[in-house]
Structures are given as C-alpha cells and as structure tokens.
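Working notes, beginning with the structure itself.
Lettering follows sequence order; numbering is per chain, from 1. When reading the values below, keep in mind they use all heavy atoms of this one structure, side chains included, and skip hydrogens, waters and symmetry mates.
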Protein chains: 2
Amino acid sequence: MHEELKYWYLRDHKLFRTLSFGQIRQLCIITGFKKAQKGEIIYFSSSDVPRIFLLKKGNIKIVAVDEEGNETIKDIIQKGDLFGELTLEADDQTNEYAKVLSDDVAICSFLLSDFENLLLQNPSLALSYTKFVGLKMKRIKNSYSNLISKDAKTRLFQFLKDWAEKEGVKEGRKVVIENYLTQNDIAQIICTSRQTATQLLNEMENNGTLTYNRKEIIILDITKL
Amino acid sequence: MHEELKYWYLRDHKLFRTLSFGQIRQLCIITGFKKAQKGEIIYFSSSDVPRIFLLKKGNIKIVAVDEEGNETIKDIIQKGDLFGELTLEADDQTNEYAKVLSDDVAICSFLLSDFENLLLQNPSLALSYTKFVGLKMKRIKNSYSNLISKDAKTRLFQFLKDWAEKEGVKEGRKVVIENYLTQNDIAQIICTSRQTATQLLNEMENNGTLTYNRKEIIILDITKL
DNA sequence: TATCTACTGTAAACTAGCTGACAAATATTT
DNA sequence: AAATATTTGTCAGCTAGTTTACAGTAGATA
C-alpha cells in the first residue's frame with residue numbers, strides 16, 4: 001500500500017489528527033494492513049508482538065475464551081475504533097480473538113513499542129490518549145453498574161438506545177439499525193441468556209416498539225424507548 | 001504544612017518518583033491537605049473544581065448514589081492510592097462521596113488542570129500515568145467478567161484472596177487481615193446481598209477456612225483458598 | 001433443488017440469590 | 001450503666017433468569 005494512503009488512514013482518526021506526516025510515518029513504517037471476510041477469525045492477542053489495531057472498515061467482535069472454554073463477547077468494535085493492547089501493557093493471560101461480523105473488514109496496526117515512543121515525543125497525544133482510555137473505562141464502569149442494579153429488560157433497552165444513537169439512521173422518530181448481530185450476540189452483550197434475549201425482543205415486537213429481523217432492527221419511536 | 005513535607009508526600013508515590021522538587025512544587029502550590037476521622041463523609045465530586053486526590057493514610061470507600069437514592073460501593077481506596085478525576089475528564093453526572101473507614105485518614109489533593117500541565121511537560125510521567133489508568137481499567141474489566149460468569153461464593157473467595165495478598169500479614173500459611181469492612185461492605189463489593197455474604201462467611205467459618213470478627217479476618221490456610 | 005447449518009421461538013422445570021422480617025450480639029452515645 | 005444504633009445471624013417465601021429440550025426458519029452450500 002502507498003505511504004500516502006496509510007497516512008490518511010491514521011490521520012483520519014480523531015486521536016491522530018494532531019500528528020504530522022513524519023510522526024505518522026514513524027508508525028507507518030511497520031504498519032500492517034489486513035483485509036478479511038465475514039465469519040473469519042483473527043487472532044491477535046499473545047502469540048505475536050503486542051500491537052494496537054485500528055479498524056478502518058466494517059465490524060468485528062472481540063471474544064474471550066476462559067479456562068473452561070466458555071466464550072464471552074468482550075467488545076464490539078466498529079469502523080474507526082482502536083483495539084488490542086490499549087492499556088499499553090501486554091498481557092498473555094487473556095486469550096482473545098476477533099471475529100468478523102460485517103461482509104468485509106480492513107484493519108491496520110502498529111507496534112505497541114512504536115506507539116509508546118510516539119507518545120513520549122508527543123505529550124499532548126499522550127494526554128488525549130489517556131482521556132481516551134479513561135472514556136473506555138467509564139463505559140465499562142457504566143455497564144458494570146447496569147449489570148448490578150438493572151434487570152435484563154432495562155439493559156436491553158439501554159443497549160438498543162445506545163446502538164440506535166451510535167449507528168442508527170433516523171427517519172423522524174423512527175430509527176433503522178443495520179443488524180449485524182445475532183440474538184445470541186445481543187444476549188451476551190447485555191449479559192443474559194439467548195432465550196431471555198429472544199423472549200424480550202419478541203415481547204417488544206408484539207407491543208409495537210420495534211421490528212426485528214436478521215438484516216435490520218427498526219425502532220418505531222425512539223422517544224418512547 | 002511545610003513545602004518540604006508536601007514534597008515528600010508526593011515523591012513517596014511510585015508514580016511521582018521521577019519528578020523533581022520544582023515539578024512537584026508546581027502541584028504543591030495549590031495542594032490541599034486534609035485530615036478526617038472514622039465515619040466522616042467527604043464530598044469530592046462535582047461541587048468543587050476537579051481534583052485528583054492522594055490518600056496518604058488510612059482507608060476510605062467511594063460510594064455512589066444513583067437517581068433512586070441507592071448507594072453502591074464503587075471502590076475501596078487504600079494508603080497510597082489515587083482517586084478523583086483519574087480519567088482527566090470531569091463529569092458532573094456521577095454523584096459520589098467518600099466515607100472514612102479507618103480511625104483517621106490524611107488526604108492531599110491537587111488540581112486536575114495543574115496535573116495536566118505537568119503531564120504535558122513530562123512525557124514519561126504521562127506514559128506511566130496512562131499505564132496506571134490502563135491497569136485500573138483492567139481491574140474493572142476483571143470484576144465485570146467475574147460478575148458475569150462466577151457465582152457469589154467464587155467472587156467472595158476471589159475477593160478474600162486479593163485482599164489477603166494486598167494487605168494481609170502472613171504467618172506461614174495463615175494470613176491475618178485487618179478488617180475495616182462490614183459484611184455489608186463486603187457484600188456490596190462482591191455484588192451480592194448482605195444476607196448472602198453473611199451466610200457464605202459463616203459457612204467458611206464452619207468448615208474451618210477462616211475466622212471472622214469485626215476486627216480481623218484470619219485465613220487459616222491461604223493455599224487452600 | 002435438496003441438504004445442512006446456524007439462528008430463532010417457545011415452554012416447563014429448576015435454582016441461585018433476593019427480600020423481608022425478626023432476633024441476637026456488638027458498638028457507640030448519653 | 002442505660003439507651004440507642006449498628007452490625008450480624010437465620011429463615012421462609014419468592015422471583016428473575018437459567019437450563020434443558022425441541023421445533024421451526026432462514027441462509028448458505030453442495
């Protein structure tokens with residue numbers, strides 16, 4: 001790939017907007033670039049040298065596998081999101097992989113060590129980056145307290161509201177969301193069983209709050225959610 | 001308080017160890033210092049200008065109050081820990097206060113804005129701080145996945161193990177923990193009801209894994225936990 | 001087009017843990 | 001020392017959500 005293009009790929013991200021061409025090139029020298037199709041599994045933790053990844057196109061889910069082989073969704077990553085060793089501290093404890101949800105994805109990556117050097121040379125980037133990690137932390141804290149104090153129904157509502165806000169296409173009070181998740185995925189995100197999620201979604205469909213199918217979810221009146 | 005003393009108070013923390021006298025003075029000029037007794041409540045979020053606090057002595061718990069007035073323990077802060085706007089982003093959403101658990105505490109604080117300036121001038125501190133925030137995030141992620149996949153008993157075991165490791169005094173296989181928490185506190189930390197926590201602790205006492213009283217918890221064989 | 005696989009729908013049985021209620025034991029205050 | 005407040009112990013009844021189990025449906029594959 002051309003240097004120029006790589007440059008724009010990174011510059012495009014709000015976190016890197018302040019960087020000069022030279023600075024980005026520091027990262028770009030070792031930037032990997034990868035395309036993948038729906039359903040493909042991308043291993044990224046441990047094994048390799050620690051990296052930070054940037055999803056340029058599509059959606060993926062990060063799945064963690066624990067000792068007993070149970071799989072849980074850690075995160076849904078969308079176009080423009082960073083993932084990988086965001087804490088700047090490689091850990092070989094966690095066993096994670098990424099699975100492609102959209103038709104195809106484009107991912108670029110750079111080495112953690114190069115990123116660290118860049119942060120050292122660019123304190124204001126370091127500051128932005130800390131705030132970015134902090135924001136991620138706040139999100140997790142939020143899901144945590146939701147899980148503690150809210151029931152499955154409320155969590156599903158909240159999830160749909162967030163999803164609609166982030167990616168939904170508004171048509172008046174109606175919001176259309178491109179549905180790249182299965183009910184099982186949704187269940188895992190809101191921390192409930194597949195059956196409970198199914199039941200709640202059908203309930204919502206029956207009382208006219210939304211229309212669900214494998215392609216899209218239409219929320220009929222977002223203000224009522 | 002003497003400048004000198006303030007200097008040592010901050011220098012003492014691993015995060016600030018690399019700083020010069022002058023740099024710390026930047027923070028110290030506006031450093032607040034406060035002592036409080038057991039049971040006292042310290043409000044720190046919103047209200048004031050955003051600050052970062054450093055607990056020099058004792059233990060406190062951070063309690064969040066939600067819309068309906070429910071109180072949940074967000075964090076237990078120990079000697080040497082930082083708390084406050086650690087994400088460098090003030091948010092007035094959250095309504096939190098700190099309650100003193102130990103007999104007395106000493107807290108010093110500095111303004112978020114001064115800290116940010118310091119980070120900008122000291123890239124390696126910025127990097128350490130980013131990793132520090134990242135570590136906090138990992139901890140929360142961990143409790144989150146525990147809450148999802150482990151039952152109350154396992155979570156209590158894990159909590160006790162962590163607590164013992166952090167603060168316990170080892171005597172061979174026996175570990176003695178100074179118990180500044182009530183069963184209700186413990187219950188909230190491991191996200192269960194007070195009654196369940198009580199029941200589990202008694203169960204553990206009965207089958208000889210520990211001795212519990214209001215002053216201390218003695219784990220009889222840490223390797224069996 | 002038929003076959004297979006992954007996803008969705010539904011329901012009964014079960015269970016971990018919550019709620020409420022009250023008693024007993026410790027601390028704390030007067 | 002007495003009164004009050006907080007913490008701990010225990011138990012019965014309940015419920016949200018899980019598990020198991022099976023059937024129907026849509027999409028992908030041969």
Side-chain angles (χ1 to χ4, degrees), chain A residues 37-41 61 63 68 70-73 99-104 146-159 178-207 210-217, chain B residues 37-41 61 63 68 70-73 99-104 146-159 178-207 210-217:
Chain A
Q37 303 296 306
K38 189 169 188 166
E40 264 187 74
I41 286 176
K61 62 176 175 183
V63 180
E68 290 118 46
N70 305 314
E71 307 207 328
T72 47
I73 294 187
K99 187 164 186 181
V100 180
L101 297 174
S102 51
D103 288 341
D104 53 349
N146 274 345
L147 185 52
I148 295 170
S149 58
K150 308 276 197 285
D151 65 2
K153 194 176 196 163
T154 314
R155 297 201 304 272
L156 178 59
F157 269 71
Q158 192 57 53
F159 166 72
E178 189 212 328
N179 181 20
Y180 47 83
L181 298 174
T182 66
Q183 294 188 352
N184 195 21
D185 288 336
I186 294 174
Q188 284 193 58
I189 293 168
I190 63 169
C191 297
T192 187
S193 65
R194 202 266 310 160
Q195 292 87 327
T196 304
T198 301
Q199 186 195 302
L200 289 171
L201 282 169
N202 288 334
E203 197 181 287
M204 288 172 90
E205 187 144 31
N206 289 335
N207 65 33
L210 54 75
T211 323
Y212 182 98
N213 68 50
R214 275 132 124 131
K215 288 275 158 54
E216 59 183 17
I217 298 174
Chain B
Q37 302 295 307
K38 189 169 188 167
E40 265 188 75
I41 285 174
K61 61 176 174 182
V63 181
E68 292 118 44
N70 306 313
E71 306 207 327
T72 47
I73 294 188
K99 188 165 186 180
V100 179
L101 295 174
S102 51
D103 287 341
D104 55 346
N146 274 345
L147 185 53
I148 296 169
S149 59
K150 308 277 195 285
D151 65 2
K153 194 175 197 162
T154 315
R155 294 199 307 270
L156 179 59
F157 268 70
Q158 191 56 55
F159 166 72
E178 188 212 328
N179 180 20
Y180 48 82
L181 298 173
T182 65
Q183 295 188 356
N184 195 22
D185 287 337
I186 294 174
Q188 284 192 57
I189 292 168
I190 64 168
C191 296
T192 187
S193 66
R194 201 265 313 161
Q195 292 88 324
T196 304
T198 301
Q199 186 196 300
L200 289 172
L201 283 169
N202 289 333
E203 197 180 286
M204 287 171 90
E205 188 145 30
N206 289 335
N207 66 32
L210 54 76
T211 323
Y212 182 97
N213 69 50
R214 275 133 125 132
K215 290 274 157 56
E216 58 182 20
I217 298 174

Please report, rounded to the nearest Å, how far the [atom2] atom of [N] is from the [atom1] atom of [X].
X        : N      : atom1 : atom2 : answer
B/Gln37  : C/dA27 : CD    : P     : 19 Å
B/Leu201 : D/dT8  : CG    : P     : 9 Å
A/Ile148 : C/dC18 : CD1   : P     : 11 Å
B/Leu181 : D/dT8  : CG    : C1'   : 15 Å
A/Gln183 : D/dG24 : CD    : P     : 18 Å
A/Leu156 : D/dA16 : CG    : C1'   : 15 Å
B/Asn179 : D/dT6  : CG    : C1'   : 15 Å
A/Gln188 : D/dT18 : CD    : C1'   : 14 Å

Does any N or O in the side chain of [X] come within less than 3.5 Å of the main-chain N or O of [Y], such that one atom is a donor and the other an acceptor?
X        : Y        : result
A/Arg194 : A/Ala187 : no
A/Gln183 : A/Ala197 : no
A/Asn202 : A/Gln199 : no

From C-beta outward on [X], which listed nucleotide comes closest to its side chain: [options]?
X        : options                : value
A/Thr182 : D/dT10, D/dT7, C/dT8   : C/dT8
A/Tyr212 : C/dT8, C/dT19, D/dT18  : C/dT8
A/Arg194 : D/dG9, D/dA21, C/dC18  : D/dA21
B/Arg214 : C/dA27, C/dT19, D/dG17 : C/dA27

Starting at CD of B/Gln188, measure out to OG of B/Ser193 and round the result to the nearest 0.5 Å.
11.0 Å
Separation of A/Leu181 CG from A/Ile189 CD1 (nearest 0.5 Å)
5.0 Å
Just call it for A/Thr196: base, sugar-phosphate, or nothing, with non-hydrogen atoms closer than 4.0 Å on any strand.
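Here A/Thr196 touches the bases of the nucleic acid.
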Quick one: label B/Gln199 by what it contacts on the DNA or RNA (base, sugar-phosphate, nothing), any heavy atom closer than 4.0 Å.
nothing
Taking only side-chain nitrogens and oxygens of [X], does any of them come within less than 4.0 Å of OP1 or OP2 of [N]?
X        : N      : answer
A/Asn184 : C/dA6  : no
A/Asn202 : C/dT8  : no
B/Thr192 : C/dC18 : yes

How do B/Lys38 and B/Cys191 order along DNA chain C: which one's closest nucleotide is nearer the 5' end?
B/Cys191
Take B/Gln195 and B/Lys215, find for each the nucleotide of DNA chain C with the closest heavy atom, and name the residue whose nucleotide sits nearer the 5' end.
B/Gln195
